[in-house]
Structures are given as C-alpha cells and as structure tokens.
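Note that this is a predicted model, so its numbers are computed, not measured. Both backbone and side-chain heavy atoms feed into the values below; hydrogens, waters and symmetry mates do not. Indexing begins at 1, ligand by ligand and atom by atom, following the structure's order.
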Amino acid sequence: MSGPTWLGHHRIERVSCTSTSDLALGLARSGAAHGTIVVAGAQTAGRGRLGRVWASPPGRHLYLSAVVRCPRPLLERSALTLAVGVGLVDAVRAAGAGGAALKWPNDVVVAGKKLAGVLCEAAGDAIVVGIGVNLAAGTDDLPPEVAARATTVEDAAGSPVERAGFERLLLGALEPWLDRFAAGGPAAIVGAWTARMAADLPLAIEQRGRRITGSAIGLDPDGALRLRGDDGVVHRVVAGEVTIAVVPPA
Ligand code: BT5
C-alpha cells in the first residue's frame, strides 16, 4: 500500500475535542480543501449514526474525520461509506487483524465483534467522513455494554500497533477507494466490498415493522444490501431504512 497524495495533506490534531466530525464539519463549511483531516486523542461527544454514541476514551485509539468533496450525484453519495469501509478493512488487515471483515453498511468486525465504524455526514457539497478505530489492546476502557460486543486491532492482531503508523496506513488504503468512488460511483466499489464482507454473520433487520433474520449475500450495484432470509427469500435493504444487528449466539 503506498502513501496518500491528497488525503491528510492538511492535518489538524487535538488532544481532545467533542467530536472530530464537529470540527471537520465546521472546516468543510468554511471551505476547507478536499482531503483535510482532523484527528483527536479522545472525544467527549463521539457519535455514531442515528444519534448513537461512539465511545471515545483516551489512550491510543483513532478518531479521525476527513473533508471529502465528492463529485457524485446526491443520490449516490450515501454509498461513499461503503468505499470508506473497503479501505478501512484493508488497513485493519494490513495492521495484522487478518480476520477483519465488513458488516453492512459501515462496521469492521472480527468474529462479529466491532472494532471500527464509519459515520458520513453532509456539509453542503462536502461529506465529512468520520472513522473510529479501537486500536489499543483491551476493551476495559469502553462502557460494559459496548465492550461485550467490541474488540480492538491489537487484540485481533495479537501484536502492538502504533497509532501514527496506523493512521498513515489507513490514509494510504482509503485514498484509492475514495478516488475510485469519485470516478465510478457505487458500481465501482460494490465488488470490492462484497469480497470483504463477513458473509457468515447471522444478521437481524427490522424492515417496515418486520424482523427478518438471515445473512448477507452481497450488494446491489447501487450499494443496497442483499440479505437472504432464513426462509430463503432475498431481501433488498436500503441504508437508513432498517436497523441491523448481529444475532447473539443461542
Ligand atoms: C458507527 O456508528 O459505527 C460510526 C462511528 C464513527 C465514529 C467516528 S470517531 C471520529 C468521528 N467523530 C465522531 O464523533 N464520530 C466519528 P453506528 O453504526 O451507529 O454504531 C454505533 C454503535 O456502536 C453504538 O450504539 C455501540 O453499540 C457501538 N459502539 C460505540 N462505541 C464503540 C466502540 N468504541 N467500539 C465498538 N463499538 C462501539
């Protein structure tokens, strides 16, 4: 994996902040260049999607937000998170966590346990891509209900992972997929995403008030998930329409 050329060329670092995405959204609105990144050592109000919390304790984890000026039509932009996932899982694997895989739409998991997440938010014509990665070994610094379903890159790799080195690795892995998405849209990345998905993970979705359990079989060309229900029926799942969860073992 080679180093990035435009991603991270302008870099802002904080010891702590509310959310790196808050800072990046502000920068994006005031005209920050494509590829500007914000990193912090801790977040006091880290967030996930749909108002959820991203636990962001200090201590060698990675909290990073990037300003991405994406030329794709509005309708395609929600699939940018999939392109980010492809680069992210490649970086996590290259850091030694060979068992890492993607859970739709935006999680990196190892054996069903989450070690990284992606949050994309619009700021005018820009998108702020927020990435949280649990790097350092141990999940004791996470709230117990989160820790039970989380893991870290070091735990999965079984060896130390330095944060600055991982950040460089991540930026180098992300950039070509962001470029590919900018040039070709969702269709240019769905094959790569499918090749990296956690195919055997049992999933449950809530769709129009109905709970469906099954497993992922791939993506449609627009990035929607194809889920084969336990009843054999294939369902199309569109981002934002459902909640999706790993089925706990019986
Ligand atoms: C995500 O949301 O996975 C997106 C996370 C994005 C975090 C980054 S950090 C840099 C930037 N600044 C921010 O403020 N955010 C971004 P979602 O799919 O909604 O998942 C949230 C759920 O993941 C929570 O409800 C918990 O169940 C779980 N979770 C929270 N913190 C976690 C952690 N540190 N490790 C593993 N799982 C966690």
NZ/NE/NH1/NH2 to OD/OE distance under 4.0 Å, Asp222 and Arg236:
yes
Please examine the side chains of Val153 and Leu62, heavy atoms only from C-beta on, and report whether any two atoms are closer than 4.5 Å.
no
Just let me know how Ser65 lines up against ligand 1, side chain, backbone, both or neither, with a heavy-atom cut-off below 4.0 Å.
side chain
protein heavy-atom neighbour closest to atom 24 (C) of ligand 1 works out as Val53 O, 3.5 Å
Is it the side chain, the backbone, both or neither of Ile131 that has a heavy atom closer than 4.0 Å to ligand 1?
backbone
Could you check which of Ala116, Ala24, Gly46, Gly132 puts a non-hydrogen atom nearest to atom 8 (C) of ligand 1?
Gly132
shortest atom 15 (N) of ligand 1-to-protein heavy-atom contact is with Arg47 O, 2.8 Å
Could you identify the single nearest non-hydrogen protein atom to atom 10 (C) of ligand 1 and state the distance to 0.1 Å?
Thr20 OG1, 3.2 Å
To the nearest 0.5 Å, how far apart are CD in Glu121 and CG in Asp22?
8.0 Å
Nearest protein heavy atom to atom 31 (N) of ligand 1, by residue and atom, and its distance?
Ala55 N, 2.9 Å
Considering Ser19, Ala148, Cys17, which one's heavy-atom position lies nearest to atom 13 (C) of ligand 1?
Ser19
Taking non-hydrogen atoms only, is His61 closer than 4.0 angstrom to ligand 1 via side chain, backbone, both or neither?
neither
To which protein heavy atom is atom 7 (C) of ligand 1 closest, and what is the distance rounded to 0.1 Å?
Trp54 CG, 3.5 Å
Counting each atom of ligand 1 from 1 as listed, which ones have a heavy atom of Arg49 under 4.0 Å away?
2 (O), 17 (P), 18 (O), 19 (O)
Ligand 1 to Ala150, heavy atom cutoff 4.0 Å, flagged ligand atoms 36 (C)
Measuring only between side-chain heavy atoms, which start at C-beta, is Ile37 closer than 4.5 Å to Leu7?
yes
Just to confirm my output: which protein heavy-atom neighbour is closest to atom 25 (O) of ligand 1, and how far is it?
Arg52 CD, 3.4 Å
Value rounded to 0.5 Å, distance of CH2 in Trp6 from NE2 in His34
3.5 Å
Please compare Thr152, Asn106, Val146 and report which has the shortest non-hydrogen distance to atom 28 (C) of ligand 1.
Val146
Output yes when the distance from some N or O of ligand 1 to some N or O of Asn134 is under 3.5 Å, and no in every other case.
yes
Contact partition for Leu115 relative to ligand 1, non-hydrogen atoms under 4.0 Å
neither
In this structure, atom 12 (N) of ligand 1 is nearest to the protein heavy atom Gln43 OE1, 2.9 Å
Per-atom contacts of ligand 1 with Gly130, taking only distances under 4.0 Å to non-hydrogen atoms
8 (C), 11 (C), 16 (C)
Check whether any heavy atom of Leu50 sits under 4.0 Å from an atom of ligand 1.
no
Show the atoms of ligand 1 that are less than 4.0 angstrom away from any heavy atom in Leu142.
34 (N)
Nearest to atom 20 (O) of ligand 1, what protein heavy atom do you find, and at what distance?
Lys114 NZ, 2.9 Å
So, taking the atom named NE2 in His235 and the one named CG in Leu203, what distance separates them when rounded to the nearest 0.5 Å?
12.0 Å
How about His61 and Asp141: do any of their side-chain heavy atoms sit closer than 4.5 Å?
yes
To the nearest 0.5 Å, tell me how far Lys114 NZ sits from Thr151 OG1.
13.5 Å
Does Leu64 approach ligand 1 within less than 4.0 angstrom via side chain, backbone, both or neither, non-hydrogen atoms only?
backbone
